[in-house]
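All remarks here apply to the structure that follows.
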Amino acid sequence: MIELNGITKYFITNKEKVLVLDDINLMIEKKDIFGLVGPTGSGKSTLLRILTGFMSPDSGSIVIQDKQLTPTTKYAIVRETSMIFQHFNLLSNLTVLENVALPLKLRKVSKLERLQKAKEVLGFVGLENFSNEFIRTLSGGQKQRVAIARAIITQPQIIFCDEPTSALDEKTTFEILSLLKKINEEFHTTIILVSHDISVIKSMCNKIAILENGRIENIITNKISEFKPISYLEAFNHAE
Ligand SMILES: Nc1ncnc2c1ncn2[C@@H]1O[C@H](COP(=O)(O)OP(=O)(O)OP(=O)(O)O)[C@@H](O)[C@H]1O
Ligand SMILES: [Mg+2]
């Protein structure tokens with residue numbers, strides 16, 4: 001469970017103080033796939049940065065998994081979360097297996113155990129045969145699968161996704177969304193999904209918050225619809 005009360009954030013640019021998040025109040029339940037939508041610059045990524053402890057709000061309070069997020073509790077809370085990015089944020093000088101095992105290395109898990117666990121989660125995302133490949137040899141969809149494997153290796157309660165499919169084509173988007181849904185269903189992971197693609201949000205999220213100019217304009221309970229990727233062939237068949 002995540003609860004945000006009265007979150008505000010200012011940025012100082014050119015000696016001007018700009019209000020980027022304005023009194024954000026949100027309640028996200030366990031097992032929600034919660035969508036955050038809004039135009040460029042509306043504050044979506046800033047809100048995620050605050051939720052992941054990378055940035056502090058200027059005022060307001062955050063409760064994650066019954067714990068108040070403060071400078072002293074944030075390290076323990078962040079351990080229960082993972083993050084997935086638009087551009088994958090993988091390390092190109094490491095193999096697929098080493099990338100996936102990295103969070104456990106940082107937690108000082110033994111090499112044997114972390115490589116075994118990494119193989120297991122690579123199987124879950126369908127990349128069991130790619131362990132020894134380097135990241136540069138993979139397609140975008142495969143890179144995002146590696147990033148998802150890395151995200152789930154620590155068995156997080158919450159996964160934050162910032163535009164996870166915005167660099168991918170429609171078919172790959174569908175595959176990555178299906179994988180995120182499977183994680184939500186099998187592990188009851190709460191997913192916070194930021195996207196500017198309404199069809200992605202509508203096919204994934206049970207609740208949607210619309211952010212505009214740093215304010216929540218609306219919170220919608222969504223009836224999940226099917227995400228339908230259109231193949232190039234279909235698209236061109238309709239073209240004159
Ligand atoms: N570190 C920073 N310093 C100053 N201003 C910032 C900083 N980060 C973001 N901003 C500004 O804050 C506002 C919100 O940015 P944010 O990145 O949260 O938007 P967003 O909704 O994620 O946009 P996008 O859809 O383009 O990713 C923007 O006006 C942006 O220019
Ligand atoms: Mg953003």
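Numbering of ligands and ligand atoms starts at 1, following listing order.
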Starting from [atom], what is the nearest protein heavy atom, named by residue and atom, and what distance separates them?
atom: atom 6 (C) of ligand 1; value: F11 CD1, 3.2 Å
atom: atom 27 (O) of ligand 1; value: S45 OG, 3.9 Å
atom: atom 23 (O) of ligand 1; value: G41 N, 2.8 Å
atom: atom 12 (O) of ligand 1; value: V20 CG1, 3.4 Å

Open item on the list: Please determine whether T40 has a backbone or side-chain N, O or S atom lying under 2.8 Å from the Mg ion (ligand 2).
Closed with: no

Open item on the list: Taking the basic N atoms (NZ, or NE/NH1/NH2) and the acidic carboxylate oxygens, is any pair closer than 4.0 Å for E185 and K182?
Closed with: no

Task: Any G38 heavy atom less than 4.0 Å to ligand 1 - done: no

TODO: May I ask whether P39 places a heavy atom under 4.0 Å from ligand 1?
DONE: yes

Could you check whether [Y] and [X], counting side-chain N and O atoms only, form a donor-acceptor pair closer than 3.5 Å?
X: Q65; Y: K30; result: no
X: S225; Y: S203; result: no
X: S45; Y: D162; result: yes
X: D197; Y: S199; result: yes

- [ ] Taking the side chain as every heavy atom from C-beta outward, state whether T190 and F34 have any pair of such atoms under 4.5 Å apart.
- [x] no

Open item on the list: When you measure from atom 31 (O) of ligand 1 to the protein, is at least one non-hydrogen atom found at a distance under 4.0 Å?
Closed with: no

- [ ] For N222, enumerate each residue passing the side-chain contact (heavy atoms from CB on, under 4.5 Å) test, keeping only those at least two apart in sequence or located in another chain.
- [x] K202, I208, I224

TODO: Could you pull out, from K9, H196, K44, E163, the option with a heavy atom nearest to atom 25 (O) of ligand 1?
DONE: K44

Open item on the list: Minimum distance, heavy atoms only, to atom 18 (O) of ligand 1: which one of L47, I50, L48, T46 is it?
Closed with: T46

- [ ] Answer side chain, backbone, both or neither: which part of T40 comes under 4.0 Å from ligand 1, heavy atoms only.
- [x] both

Task: Subset of ligand 1 atoms that lie under 4.0 Å from at least one heavy atom of S42 - done: 19 (O), 21 (O)

Open item on the list: Quick check on side chain to side chain contact (heavy atoms under 4.5 Å, CB included): which of L19, V20, L21 does F11 satisfy it with?
Closed with: V20

Open item on the list: Checking the N or O distance criterion of under 3.5 Å, is ligand 1 in contact with I12?
Closed with: no

Open item on the list: Using a plain distance cutoff, I'd like to know if M55 has any nitrogen or oxygen under 3.5 Å from a nitrogen or oxygen of ligand 1.
Closed with: no

Task: Whether over 12 other heavy atoms sit under 6.0 Å from D66 CG - done: no

